[in-house]
There are 2 protein chains.
Amino acid sequence: MKNTTNDNAILTLGNELCFSLYACAKEVIKIYRKPLEKIGLTYTQYIVMMTLWQFGDMSVKDIGEKVYLDSGTLTPVIKKLEKSGFVKRQRIAEDERFVKIILTDKGLKLKEKASTIPQALEGNIYISYDEVVTVYNLLNKNLKGIKEGIETS
Amino acid sequence: MKNTTNDNAILTLGNELCFSLYACAKEVIKIYRKPLEKIGLTYTQYIVMMTLWQFGDMSVKDIGEKVYLDSGTLTPVIKKLEKSGFVKRQRIAEDERFVKIILTDKGLKLKEKASTIPQALEGNIYISYDEVVTVYNLLNKNLKGIKEGIETS
DNA sequence: TTAAAATAAATTGCACACAATTTAATTATG
DNA sequence: CATAATTAAATTGTGTGCAATTTATTTTAA
């Protein structure tokens, strides 16, 4: 549902919200840094691995659509994951333009270790469970709108 | 109000929320890129300028506290703003450790041009005004908690 | 059917973002 | 009062993030 009001107030507040998003994302990701380092991942590598754990082996393009990153960012990130031994890269025979990213045994095993990562948030969330649900749903609603807005532009 | 529940659900959902924050912040900031480029700013430079417009001349440290960035990021950003002629940098006589960032005439005049920047969000916000208010308040509440949690740790 | 258009990755260049360290200045303390 | 501890910026090194371009491959169309 696209907002088409002429009211300027939402734009001014949206501008403030943009900064809050920017700052809050950075600060929350900072909480993850140390525990992720212990299992040998950066946050960007972590969300790529989570995508592979959840959806299985997939192309760079498909990963990019899930994590909102393009090949310019993903190629070096995935190459580092390969160097760490968590994934393998393989051109797809049916269409050599695609590179399939495949979890190795080591990458698959990492999933268990990574299951403790969300505990880093313990004591670092200052809104209630219901409020987390509310923010989560509204951000995803907005994100979906932006994504579809770009696709159809 | 620190959340101290043992319930694991909020951590799992918090982990998902972290990604939504990360993705939503990136996508919204992307909307700003072109209009900001027209007035000669990046998003990071924009939030530094907004801080100076709102609070007046201040030190690198004080800017950092407002925008959640350290001198490692701010020093090169501010040097670019200086090269563009929007600010001047000046050591404070009373305490030479501090560098005061001072708006130039050009930097002050930019405020008017920048007042049109939030219009970039027109047609790109897919939640209602009330929902924007809700997300904004909850993110700031959480951000405040994290900030105070770090200060007192 | 083959040259043009489209597509997926990779590459390039620029701008952060941040931890860790260094430098310079100020304050605290024995 | 002199040295140690602290503090603010700057520097260094690594890792994104993205627009624009390039390369390789596949699809479309004349």
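Chain letters run A, B, ... following the sequence lines, proteins first, then strands; residues in each count from 1.
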Determine, for B:Tyr68 and B:Lys147, whether the Lys NZ or Arg CZ falls below 6.0 Å from the six-membered ring centre while staying within 45 degrees of the axis.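 Pair B:Lys147/B:Tyr68 counts as cation-pi.
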Lys NZ or Arg CZ of A:Lys66 over B:Phe19 ring: under 6.0 Å, within 45°: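 Ring-cation test returns no.
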Could you tell me whether the side chain of A:Phe55 reaches within less than 4.5 Å of the side chain of A:Asp62, counting heavy atoms only?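 Answer no - side chains too far apart.
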May I ask you to say what A:Leu69 touches in the nucleic acid, namely base, sugar-phosphate or nothing, with a heavy-atom cut-off under 4.0 Å? sugar-phosphate
Specify the separation, in whole Å, of atom [atom1] of [X] and atom [atom2] of [N].
X: A:Tyr32; N: D:dT16; atom1: OH; atom2: P; result: 17 Å
X: A:Asp70; N: D:dC18; atom1: CG; atom2: C1'; result: 6 Å
X: B:Asp62; N: D:dA8; atom1: CG; atom2: P; result: 9 Å
X: A:Leu74; N: D:dG15; atom1: CG; atom2: P; result: 16 Å
X: B:Lys30; N: D:dT16; atom1: NZ; atom2: P; result: 16 Å

Is a donor from one side chain sitting under 3.5 angstrom from an acceptor on the other, for A:Tyr32 and A:Asn124?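 Not at all, the side chains of A:Tyr32 and A:Asn124 share no donor-acceptor pair under 3.5 Å.
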Please tabulate, for the side chains in residues 71-85 of chain A, all donor-acceptor contacts under 3.5 angstrom to protein atoms that are two or more places apart in sequence or on a different chain.
| residue | atom | partner | partner atom | Å |
| --- | --- | --- | --- | --- |
| A:Thr75 | OG1 | A:Ser71 | O | 2.9 |
| A:Glu82 | OE1 | A:Arg89 | NH1 | 3.4 |
| A:Ser84 | OG | A:Lys80 | O | 3.1 |

Could you please spell out the steps behind the salt bridge (Lys or Arg N to Asp or Glu O under 4.0 Å) verdict for A:Glu37 and A:Arg33? CA-CA 6 Å; A:Glu37 199 178 359; A:Arg33 194 156 284 124; over 6 Å; no
Does [X] have a side-chain nitrogen or oxygen under 4.0 Å from the phosphate oxygens OP1 or OP2 of [N]?
X: A:Lys26; N: C:dA17; value: no
X: A:Ser59; N: C:dA9; value: yes
X: B:Tyr22; N: D:dG17; value: yes
X: B:Lys61; N: D:dA9; value: no
X: B:Thr73; N: C:dA17; value: no
X: A:Arg33; N: C:dC18; value: no

Report, as yes or no, whether the 6.0 Å neighbourhood of atom CD on B:Gln90 holds more than 12 heavy atoms from other residues, nucleotides or ligands. no
With a sphere of 6.0 Å drawn around NZ of A:Lys100, does it hold more than 12 non-hydrogen atoms of other residues, nucleotides or ligands? no
Residues from residues 78-103 of chain B lying under 4.0 Å of DNA chain C - heavy atoms: B:Lys80, B:Glu94, B:Asp95, B:Glu96, B:Arg97
Using a 4.0 Å cut-off on heavy atoms, which residues in residues 36-50 of chain B reach DNA chain C? List them by number, or say none. B:Thr42, B:Thr44, B:Gln45
Got a second to check how far A:Leu110's CG is from A:Phe86's CZ, nearest 0.5 Å?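 So the CG of A:Leu110 and the CZ of A:Phe86 are separated by 4.5 Å.
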So does A:Ser71 reach the base of C:dA8 with its side chain, donor to acceptor, closer than 3.5 Å?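 No.
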